[in-house]
Amino acid sequence: MTTMCVLFAALLVLVLPQQTIGGAPEISLLSVHGPITPVTSEYLRRNIEEAGARGDQLVLVEMDTPGGLDTAMREAVQAVFGSRVPVAVYVTPSGARAASAGAVIALAADVCAMSPGTNIGAAHPVNIGSQPDKVMGTKIVNDAAAYLEGIAGRRGRNIDLAGKMVRESISLTAERALQEKVIDIVASDRHDLLKKLEGRRLVRGEKETQLHLSGARITTHGMSVRERILDAVCNPDVAYLLMLAGFLGIFFELANPGVILPGVIGSISLLLAFFAFQTLPVDYAGLLLIVVAIVLFAAEVKIVSHGILGAGGVIALIFGSLLLFPSKEPYLRLSWEVLGGTVLVVTLFFLVVIAKVVEAHRQRPVTGIEGMLGERGVALTDIMPEGKVLVHGEYWNATSRDPISQDEKVEVTAVDGLRVTVRKV
C-alpha cells in the first residue's frame with residue numbers, strides 16, 4: 001500500500017503543472033522595447049514555448065515599439081496563436097506605443113491591454129527597399145489589411161477599425177481603443193492589470209479557460225546573451241560601424257599580408273554587418289559608394305595625387321553614408337552623430353596616413369646604393385687615387401680625383417659595385 005502511494009505521488013509530480021505543485025501560479029514576463037526584428041520574434045517564440053512547457057498560467061508581454069519587419073511580425077503572431085498558455089500584450093508605460101507591426105502582435109494576443117497615455121495603430125505597410133508601382137502597392141496594402149482584419153476577427157475585436165489601421169494609418173488612444181472594442185483593458189500599472197485579469201474567461205480554440213492569477217509569482221525572462229548581441233548588431237549605427245571596421249580590416253590585411261589580426265577582425269565585423277543588413281533597408285548604391293571611398297583612400301596612400309584621390313574618398317564616404325539606409329523611420333536610419341563622427345575619424349585617420357606616406361617619400365634613402373650617396377666617413381689610407389675608407393661602419397675600396405691624406409674626412413659621391421668614389425669634405 002505504501003509503495004502504491006509513493007508511485008501515485010511521483011505520477012502527480014510528473015503530470016500536474018508546475019504552479020499546482022508549487023501553490024502559486026506562474027506568470028512569464030517578457031519585454032519588447034524597440035523595433036520588431038528577427039531577434040525579437042525569436043525571443044518571443046522561445047519564451048512562449050518554454051512557458052507552455054512549464055505550464056505557466058500566463059505570458060505577459062510589456063510592449064513599446066515603433067514597428068518593424070513584416071516577416072518578424074508574422075513569426076511573432078504565429079508564436080502567439082500557437083501558444084499553449086494565454087498571452088497578454090500590455091502597451092506600457094504611459095507615452096509608449098504599439099505602432100505598425102507592434103499593433104498587429106498586440107491585437108493577436110488573447111488579451112490586449114494599454115496604459116493611459118499610450119496609443120496603438122498606424123499599421124500601414126512601408127516598403128524599405130525600392131518603391132513598388134501603384135498596382136503592387138495596392139496589393140501589399142490589401143494583403144496587410146486582410147491579415148489584420150483576420151486577426152481582429154479571430155480575437156473578437158473591431159474588424160473595421162483594424163482595417164483602417166492599415167488602409168488609413170489611424171492610431172487610437174488607449175481610451176478610444178477600449179471604447180471601440182479594439183483592446184480589452186486599460187490598466188494604470190501591472191498590478192492593476194493582473195487585478196483586472198483575475199477570473200477572466202478566455203476562449204482558446206474550442207475550449208474556454210479561466211485565469212487564476214491571485215498571488216501569482218512573476219518571473220522576468222530577458223533576452224539571452226546571444227539574442228542581446230544580435231539585437232544590438234541590428235541597430236543601424238552598429239551595423240554601419242561594423243561594415244566600416246570590416247572594410248578597413250580587410251584593406252589593412254591585404255596591404256600588409258601576414259598581420260592576421262586586422263583580417264580576422266575585419267571578416268567577423270563584415271559578416272555581422274551583412275547579418276544586420278538583412279533586417280535593415282539597405283541602398284546598394286550607398287554601399288558601393290562607401291567601397292569606392294575605401295578604394296580611393298587606399299589609392300591615395302599608394303599614389304601621391306596631392307589630395308585629389310583623398311578628397312574624392314571623403315565625398316564618396318559622405319554620400320554613401322547618407323544613402324545607405326534610405327528609410328523614413330528614425331529607428332531604421334543612421335544617426336547624424338554616428339555619421340558625422342565616423343566620417344570625421346576616418347578622414348582624419350587617412351589624412352594622417354597620407355601625410356606620413358608623403359613624408360616618407362621625401363626622405364632620402366637609407367639603404368642600397370642610393371643610401372650610400374652623401375654618406376660621410378674617414379680615409380683609412382692615403383688615396384692617390386686609390387685607397388681604403390670607413391663609411392657607415394663598413395670598409396670600402398675608394399678612388400678620388402684629388403689626393404686625400406689618411407684620417408681626413410670624406411664624402412661618397414658615387415658607388416660602383418664594391419668601390420666608392422669619394423671627395424674630401
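The figures here come from the full heavy-atom set of this structure, side chains too, leaving out hydrogens, waters and symmetry mates.
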Can you pull out every salt bridge (charged side-chain N to carboxylate O under 4.0 Å, His left out) where at least one residue sits in residues 242-251? Sequence neighbours excluded, please. none
Just grab all the salt bridge (charged side-chain N to carboxylate O under 4.0 Å, His left out) pairs involving residues 66-83, residues at least two apart or on different chains. Asp70-Arg74, Arg74-Asp143
Pairwise distance [atom1]([X]) to [atom2]([Y]) - rounded to 0.5 angstrom:
| X | Y | atom1 | atom2 | result |
| --- | --- | --- | --- | --- |
| Arg45 | Glu50 | CZ | CD | 9.5 Å |
| Asp231 | Met223 | CG | CE | 4.0 Å |
| Ile27 | His221 | CD1 | NE2 | 11.0 Å |
| Ile318 | Leu344 | CD1 | CG | 10.0 Å |
| Leu334 | Leu339 | CG | CG | 5.0 Å |
| Ile308 | Leu296 | CD1 | CG | 11.5 Å |

[X]: which of [options] passes side chain to side chain contact (heavy atoms under 4.5 Å, CB included):
| X | options | result |
| --- | --- | --- |
| Arg155 | Leu107, Asp110, Leu202 | Asp110 |
| Leu317 | Leu289, Val292, Ile294, Ile290 | Ile290 |
| Val410 | Val420, Val389, Val378 | Val389 |

Using a strict threshold of under 4.0 Å (side-chain N to carboxylate O), is an ion pair present between Glu42 and Arg46? no
Residues in side-chain hydrogen bond (donor to acceptor under 3.5 Å, both in side chains) contact with Ser335, at least two apart in sequence or another chain: Asp237
Please identify each residue that fulfils side-chain hydrogen bond (donor to acceptor under 3.5 Å, both in side chains) with Ser115, with sequence neighbours left out. Tyr90, Thr92
Does [X], at its [atom1] atom, have more than 12 non-hydrogen atoms belonging to other residues, nucleotides or ligands within less than 6.0 Å?
| X | atom1 | value |
| --- | --- | --- |
| Arg401 | CZ | no |
| Phe319 | CZ | no |
| Arg423 | CZ | no |
| Leu348 | CG | yes |
| His191 | NE2 | no |

Determine the minimum heavy-atom distance between Ala145 and Val166, stating which atoms define it. N-CG1, 3.6 Å
Ignoring hydrogens, what is the shortest heavy-atom contact between Asp283 and Leu323? Give both atom names and the distance. CB-O, 3.0 Å
How about [X] and [Y]: do any of their side-chain heavy atoms sit closer than 4.5 Å?
| X | Y | answer |
| --- | --- | --- |
| Val282 | Phe325 | yes |
| Glu175 | Pro116 | yes |
| Leu193 | Leu60 | yes |
| Phe274 | Leu242 | no |
| Val59 | Asn47 | no |
| Asn397 | Lys388 | yes |
| Pro86 | Leu211 | yes |
| Leu287 | Met243 | yes |

Pair Arg54, Ser28 - check side chain to side chain contact (heavy atoms under 4.5 Å, CB included), show working. CA-CA 10 Å; Arg54 289 191 301 265; Ser28 290; 2.8 Å; yes
Only counting residues at least two apart or in another chain, list the ones meeting side-chain contact (heavy atoms from CB on, under 4.5 Å) with Asn119. Arg97, Ser171
The ring pair (Phe, Tyr, Trp, His ring centres under 6.0 Å) partners of Phe81 (sequence neighbours excluded) come to none
Assess whether side chain to side chain contact (heavy atoms under 4.5 Å, CB included) is satisfied between Asp402 and Lys424, documenting all intermediate values. CA-CA 8 Å; Asp402 302 318; Lys424 185 190 303 184; over 6 Å; no
Could you walk me through whether Leu172 and Met165 pass the side chain to side chain contact (heavy atoms under 4.5 Å, CB included) check? CA-CA 9 Å; Leu172 306 175; Met165 286 183 180; 4.0 Å; yes
Side chain to side chain contact (heavy atoms under 4.5 Å, CB included) between Asn142 and Arg167, intermediate numbers included: CA-CA 8 Å; Asn142 288 339; Arg167 293 190 174 91; 4.0 Å; yes
